[in-house]
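Predicted model, so just to flag it, every value in this text is computed and none were measured. Protein chains get the first letters and strands the later ones, always in sequence-line order, with residue 1 at the start of each.
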Number of protein chains: 2
Amino acid sequence: MSMVRNKGGKYKHEYKQKAIPLTVVKRLPVYQRLLAELAARDVERVSSRELATQMKIDPSQVRQDLSLFGSFGQQGYGYRVRYLLNELNKILGLNTGTKLVLVGGGHLGRAIANYGNFVKWGFTIKAIFDRDPQVIGLTIAGLTVRDVRELTPYLRAEPVEIGIICTPAPVAQEVADQLVAGGIKGIWNFAPVALRVPETVCVEHVHLGESLMTLSFMLKQRQEESTGPKK
Amino acid sequence: MSMVRNKGGKYKHEYKQKAIPLTVVKRLPVYQRLLAELAARDVERVSSRELATQMKIDPSQVRQDLSLFGSFGQQGYGYRVRYLLNELNKILGLNTGTKLVLVGGGHLGRAIANYGNFVKWGFTIKAIFDRDPQVIGLTIAGLTVRDVRELTPYLRAEPVEIGIICTPAPVAQEVADQLVAGGIKGIWNFAPVALRVPETVCVEHVHLGESLMTLSFMLKQRQEESTGPKK
DNA sequence: TTAAGATTGTTATTACCATAACAAAGTATG
DNA sequence: CATACTTTGTTATGGTAATAACAATCTTAA
């Protein structure tokens, strides 16, 4: 009786315009990974409690996060793993044939290009560029490295969604400008600088140095906890 | 007159036992990097406002963050760049000759080993281990790759603070166990798994897949913002 | 030396995120 | 078929982090 008692309920699949908090965004890939692992083990169902335990967060958090995007579970049962995984893939924009270009064929660039996992989610690196004549012409992950001066004409001919910057810090901004001018929508930046880009372009930083410093700080704190106060 | 009007003031250099919020911890390396850039340009002074502008945060945030560790600035003047940089280095535990071992000599491991920046902060990779006979014996970044079966005896003979895991996901936990048993205090983990370690060991994850998915999500959202609602 | 201006360190306020609570509604079982 | 149990989606509460505000005090310049 009374089909629409709780407002929303089954009928909440309109366009959602609410802003998703960044903290939630950072958890979405973790949900995706856990569900992919469960699916690989042919597990059929999972509860918010189980997911929460693995992530060391509260079950309410899991339910609240997912409810931002829809109602994917069943009371008294939980979530069907394959269904929720599929929904999360859609939410994250995976398996849509996203194209990337990589700029910088140094050690880090090579590691990224050879990192096989991305292919699983439908990401494909279409071309690699470098400035160094020693690197141009080499084959990395099956692609011949091109001269970075070909970047702009390439993007004009072959539109690409994401650009990866694996260059040294001093040239990163210049490369970013070229990528933006070439119509790139997102930049995955491994150079230790804060890039200036228009608001329409998304930037995701991976800052190895900052990560190691964070670890260093935590170690130092742990150490002081044990040596500092003699309580 | 009245030297100790504001309680604390110059005299707040006791042991601080307050827990530093993780959000603050993540900003500390960014302050460090900005200050290092200023110092390299021989800039002498900087205000919280300038730092905040670069990081797109509020000036109060900068002052509040730094005040957790001491009083480093001067009213009406700001912060002396070199002094504050030096203090931040101490806070972060940089330039203390921290020793690391790297496990996993694949593409990513090689990139990490060759990433020159770490040396600047006093981190040194002392040894590299791998399981693959094809990789064992190779020279990476001036080090000969050892058999991972030598890891435990190595750590017994040569204590090391941090272990880097650049192995495939399925063996990461096993490696982590060995590192912990070997007395490691921190783990820098590049494998896409949540490691189980004792509370005494710090883990810093670098999860490339999650980072790319985050970018993918943000791109999808941007796209929906422009196409979805016709307002 | 004095007064105007600048900027810190700290406390107060606001906003946001995480946890708790609970009604709704399904599952499982006898 | 009824009853106990489970678990969701959502709202209420609590706590933590970001911003605002301000007194203290240093700098700078006349």
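- The side-chain hydrogen bond (donor to acceptor under 3.5 Å, both in side chains) check on H207(B) picks up R33(A), E210(B), with sequence neighbours excluded.
- Judged by the 6.0 Å distance and 45° axis criteria, R45(A) is positioned over the aromatic ring of Y77(A).
- With sequence neighbours left out, the ring-ring contact (aromatic ring centres under 6.0 Å, His included) criterion links F118(A) to Y115(A), W188(A).
- Contacts between residues 44-66 of chain B and DNA chain C, defined by a heavy-atom separation under 4.0 Å, are made by R45(B), S47(B), S48(B), R49(B), R63(B), Q64(B).
- Residues from residues 20-39 of chain A that place a heavy atom under 4.0 Å from any atom of DNA chain D: there are none.
- We find that CZ of F69(B) is positioned 14 Å from P of dG9(C), with the value rounded to whole Å.
- Q75(A) places its CD atom 7 Å from the C1' atom of dG9(D), with the value rounded to the nearest Å.
- For the atom pair OG1 of T214(B) and CZ of R27(A), the computed distance is 12.0 Å after rounding to the nearest 0.5 Å.
- With sequence neighbours left out, S60(B) forms a side-chain hydrogen bond (donor to acceptor under 3.5 Å, both in side chains) with D58(B).
- One atom, CG of L68(B), and another, P of dA17(D), lie 10 Å apart when rounded to the nearest Å.
- For R41(B), the side chain to side chain contact (heavy atoms under 4.5 Å, CB included) test picks out L38(B), V43(B), with sequence neighbours left out.
- Where R80(A) and Y79(B) meet DNA chain C, the nucleotide closest to each residue was compared, and Y79(B) sits on the side nearer the 5' end.
- By the salt bridge (charged side-chain N to carboxylate O under 4.0 Å, His left out) test, K185(B) pairs with no residue at all, sequence neighbours left out.
- At whole-Å resolution of the value, OH in Y77(A) and C1' in dC5(D) are 16 Å apart.
- Axis angle across the helix from dT1(C)-dA30(D) to dG30(C)-dC1(D), with five pairs used at each end and values rounded to 10°: 20°.
- Taking the side chain to side chain contact (heavy atoms under 4.5 Å, CB included) definition, one finds that S47(B) meets it with R49(B), E50(B), sequence neighbours left out.
- For Q61(B), there are no side-chain hydrogen bond (donor to acceptor under 3.5 Å, both in side chains) partners two or more places apart in sequence or in a different chain.
- In this structure, A181(A) has no side chain to side chain contact (heavy atoms under 4.5 Å, CB included) partners at least two apart in sequence or on a different chain.
- Remark: K120(A) engages no residue in a salt bridge (charged side-chain N to carboxylate O under 4.0 Å, His left out) (not counting sequence neighbours).
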